[in-house]
Amino acid sequence: MTGAKPVRVRFAPAPTGSLHVGGVRTALYNWLYARHHGGTFVLRIEDTDAARSRGEWIVGIQETMRWLGLDWDEGPFLQSDRLDQYAAAAGRLLIEGRAYECYCTPEEVKARSDAAMKAGRPPGYDGRCRDLTAADRAARAAEGRPRSIRFRTPDTGISRFDDLVRGEVSVEWSTVSDFVIVRSDDSPVFFLANAVDDAEMGITHIIRGEDLLDTTHRVLALRDALGESMDVRYAHLPLLVGADRGKLGKRHGSVAVEDFRDRGYLPDALVNYLALLGWAPADGREVLTRDEMVAEFDLDRVTHSAAFFDYKKLDWLNGEYIRAMPLDELTVDVLTEATARWGDRVDATTAHEVARIGQERAVTITGLVDQAAFLFETDDEFTMDPQDWDNAVAKTERAPEVLDAVIAHLAPSEWTAERTDVRAPIDALGIKVSKAMPLLYTAIEGHRAGLPLFDSIALLGRERSLARLEAARRRLGSAAEPTTS
RNA sequence: GCCCCCAUCGUCUAGUGGCCCAGGACGCCGCCCUUUCAAGGCGGUAACGGGGAUUCGAACUCCCCUGGGGGCACCA
């Protein structure tokens, strides 16, 4: 253990795309660890790959983290602002012989590596430029060959480190080939920048995905060669996997965090769910506030095996959070989402009513607003789900009579809240109310499952409700004609 | 192919030698409630990958196998 030394952790994403759930989970665990131990959470942007890094992503990553409430204490530090440091480090390694200039092109390296793999030998760089003389180097440079810098890994021995979640991890150096630390355009590679920054920024605990486990030996060796402090602990988190059990990433569908926001998930619910993917509090609770998570979180309870991202459970949790929301807060979310879709047709009073009657069974904000679409759509836009309608018609006995009775019930111009309760006229026909409901839900709201009917009729108003019921009645009239097939 | 990591219900997990013929949650199934239903209540289904070893005793320790995943870039 590192004793009483204050905890300093960092989240260090590459700005090559929007943050996806795996990255957020890593950020979250760092944040939880920092907050639990009263430490410092640093945000560092690893943008040394100029070709793939984009300024807009640097902004986007921060927006996403703010949306999730993952506040950082220092940064964002950009590695592109610190290039001279990496160059100086590489220079030192070169002078001390810990690194060397390599004149092989990436294509050549790959070809030889592939050949080695085919021949059953370990892949990787074959060390061709390891022992070039000054004359050799000058000759290659004169040929106009690109020059990169490679770190010379040990030929023998074993690299070990004690991972906070996995325990001792080791590898034989003979299986690790020399790797590039400076590209031929003089830009630093991940290993170098990472080693330099973690040491210089005084990071005490490096919490990241297991996909980086193998790189740890190289970064640590670099750090050691640089003469930096080796007082740092690593913790490798189990990966998040998609439906095919593969690492969650760009190829596994929509896992960008903005998509969750757009689909109506609450940041607190997403954070809560992500916290549970690879960790569980000792008492087994699953719905936890941030304070509770911070109080309970620690690395010794992080699990070891990859976790499958289960939308069903996220849905359940999101529903729990929606139900726990103050009505006014939910109203704001509904108003915002509905306004984005229907503009000024949406008023605060209606939004409030939608929130009130829909809160109990909502799964997502977007889903709730979807249910309220029938209120904001014009008569032209409104459509009934064809399948729901067909099913409802098929399952409702004497459907035309039911509609006629309900229409007659709602027809009187004196319009009270009680009148929207349409059970009496159906009951008067001797038909089971619950059996007739799907038909009415579909006629009024467009689909079978929706907001409570009576409140919906009241919100829609007498004229529009009657118009929809009459439209349904007309449709029934033609649908009732004998079919030829 | 080589290296590394992992292995409890469909899924997320609890479990650190006896309290486990394995507990919780989501899902699923059934019942109840009920103005449809995606809510709520009650109940149910369902797992320690296989084989050795250690031990009085193994889900928990060790070994082998099998399976899964990750890495093997002038990406991070």
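Numbers restart at 1 for each chain; the letters A, B, ... are given by sequence-line order, proteins then strands.
- In this structure, A:F191 has its ring center under 6.0 Å from that of A:F179.
- Within the 4.0 angstrom heavy-atom criterion, base atoms lie near A:L212.
- The CG atom of A:N318 sits 14.0 Å away from atom NZ of A:K313, with the distance rounded to the nearest 0.5 Å.
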Where protein sits on nucleotides 2-14 of chain B, one letter per nucleotide: B base, S sugar-phosphate only, - none, heavy atoms under 4.0 Å: -SSBSS---SBSS
Do any side-chain atoms of residues 427-436 of chain A form donor-acceptor pairs under 3.5 angstrom with protein atoms, and if so which ones, sequence neighbours left out?
none

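- Contact check on A:R128 versus A:E108 returns no salt bridge, with no Lys/Arg side-chain nitrogen under 4.0 Å from an Asp/Glu carboxylate oxygen.
- The partner of B:rG43 is B:rC29, judged by Watson-Crick or G-U wobble contacts that both fall below 3.5 Å.
- In this structure, A:R301 fails the cation-pi test against A:F297, since its NZ or CZ atom is not both closer than 6.0 Å to the six-membered ring centre and inside 45 degrees of the ring normal.
- Nucleotide B:rA7 forms a pair with B:rU66, judged by Watson-Crick or G-U wobble geometry with both contacts under 3.5 Å.
- Relative orientation of the A:H236 and A:Y234 rings is parallel, given thresholds of 30° and 60° on the angle between their planes.
- The salt bridge (charged side-chain N to carboxylate O under 4.0 Å, His left out) test with A:D178 is passed by exactly one of A:R218, A:R152, A:R130, A:R150: A:R130.
- Using a 4.0 Å cut-off on heavy atoms, the residues of residues 49-57 of chain A that approach RNA chain B are A:D49, A:R52, listed by number.
- Under the Watson-Crick or G-U wobble criterion, with both distances below 3.5 Å, B:rC19 has no partner in any strand shown.
- Proximity of A:R323 to the phosphate of B:rG40: a side-chain N or O atom is located under 4.0 Å from OP1 or OP2.
- Residue-to-nucleotide contacts include no donor-acceptor pair under 3.5 Å from the side chain of A:Q359 to the base of B:rA39.
- By the 5.5 Å and 30° criteria, A:Y441 is not stacked with the base of B:rU35.
- Here the rule is side chain to side chain donor-acceptor pair (under 3.5 Å) with A:Q79, and of A:D49, A:D197, A:D47 only A:D197 fits it.
- In this structure, B:rA53 forms a base pair with B:rU61, meeting either the Watson-Crick or the G-U wobble geometry with both donor-acceptor distances under 3.5 Å.
- Judged by a 6.0 Å distance limit and a 45° cone about the ring axis, A:R468 is positioned over the six-membered ring of A:F382.
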